[in-house]
Amino acid sequence: MEGGIKSTPYDVWVNMQKQPAWIEIEGHPKVLKVGQEYKLRTYIEGVMPDGYEVMTNSEFFRLYTNEVDPERFPLTIIPEKVGEFGICLLLPEPDTTDLKIIIGKKTLLFPIIVEE
């Protein structure tokens with residue numbers, strides 16, 4: 001581990017991209033509401049939670065650590081704008097600490113719809 005981010009060998013990294021992955025929002029809402037807080041958890045099969053980053057565009061969502069129930073839902077999100085946005089699970093580049101990953105290339109993207 002370098003600089004606090006895991007260094008991932010290339011063959012392991014390629015396999016991680018092909019693993020089943022999901023996000024779960026508590027209560028399974030189909031549409032989120034602006035200003036409401038939602039509990040969130042993520043999963044990539046075969047990858048420990050510290051092996052990837054969860055990201056949203058801070059202009060659209062606030063993302064926090066869930067202090068109330070971190071074992072079941074480690075994160076909370078609060079949508080701030082109406083529209084369709086994404087929550088990304090970012091995989092680190094092999095053998096680097098670079099997390100500037102282009103969406104659709106080395107990222108798992110989950111669309112989220114937000115209404116007023």
Side-chain angles (χ1 to χ4, degrees):
M1 185 184 295
E2 252 179 71
I5 298 173
K6 284 190 172 185
S7 179
T8 307
Y10 184 76
D11 58 336
V12 172
W13 177 77
V14 168
N15 286 334
M16 285 190 332
Q17 291 189 93
K18 297 175 184 174
Q19 295 292 57
W22 49 261
I23 66 167
E24 180 182 0
I25 298 172
E26 185 178 45
H28 307 282
K30 295 194 185 308
V31 176
L32 305 186
K33 302 291 183 187
V34 170
Q36 188 170 334
E37 182 176 285
Y38 297 90
K39 293 179 184 175
L40 172 76
R41 65 178 159 196
T42 62
Y43 177 76
I44 302 175
E45 187 174 303
V47 182
M48 296 300 291
D50 66 348
Y52 61 91
E53 295 286 321
V54 178
M55 299 203 67
T56 65
N57 185 324
S58 61
E59 180 181 341
F60 305 114
F61 287 97
R62 284 182 279 156
L63 182 67
Y64 298 100
T65 301
N66 180 3
E67 302 292 335
V68 178
D69 188 11
E71 290 298 313
R72 287 182 8 123
F73 290 93
L75 302 169
T76 59
I77 58 170
I78 301 174
E80 296 190 324
K81 290 190 176 186
V82 171
E84 186 171 331
F85 310 105
I87 294 177
C88 303
L89 307 183
L90 301 177
L91 302 170
E93 291 280 0
D95 299 321
T96 73
T97 58
D98 185 11
L99 282 173
K100 295 177 183 170
I101 298 173
I102 298 167
I103 289 176
K105 194 168 184 190
K106 298 157 190 130
T107 305
L108 302 166
L109 176 63
F110 298 90
I112 303 291
I113 297 171
V114 179
E115 293 180 346
E116 198 58 52

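Model, not experiment: these values are computed from the prediction.
- With values rounded to the nearest 0.5 angstrom, T76 atom OG1 is found 12.5 Å from Y38 atom OH.
- The main-chain N or O of E80 is never found under 3.5 Å from a side-chain atom of R62 such that the two would form a donor-acceptor pair.
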Checklist line | Stepwise side-chain contact (heavy atoms from CB on, under 4.5 Å) check, R72 with E26 | finding: CA-CA 9 Å; R72 287 182 8 123; E26 185 178 45; 3.2 Å; yes
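- One hydrophobic cluster, built from ILVMFWY side chains closer than 4.5 Å, holds both F110 and Y52.
- Of the inter-residue distances, the one linking M55 atom CE with L89 atom CG reads 11.5 Å to the nearest 0.5 angstrom.
- For the atom pair CD1 of I77 and NZ of K39, the computed distance is 13.0 Å after rounding to the nearest 0.5 Å.
- We find that E115 and K33 are joined by a salt bridge, their nearest charged nitrogen and carboxylate oxygen being less than 4.0 Å apart.
- Atom-to-atom distance recorded for L40:CG and T56:OG1 is 9.5 Å, nearest 0.5 angstrom.
- Counting all heavy atoms, side chain and backbone alike, Q36 lies closest to P79 at O-CD, 3.2 Å.
- Shown here for K81 and F85, the closest heavy-atom pair between the two residues is O-CE1, 3.3 Å.
- Between F61 and V114, the shortest heavy-atom contact is CZ-CG2, 3.9 Å.
- Contact of the I112 side chain with the F60 side chain is not registered, since no non-hydrogen atoms from C-beta on lie closer than 4.5 Å.
- Criterion: ILVMFWY side-chain heavy atoms under 4.5 Å apart, direct or through other members. Under it, L63 and I87 are part of a common hydrophobic cluster.
- Distance check, rounded to the nearest 0.5 Å: CD1 of I78 to CG of L32 gives 11.5 Å.
- Interatomic distance, CD of E71 versus CG of N66, reported as 10.5 Å (0.5 Å rounding).
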Checklist line | Step-by-step side-chain contact (heavy atoms from CB on, under 4.5 Å) determination, I23 to V54 | finding: CA-CA 10 Å; I23 66 167; V54 178; over 6 Å; no
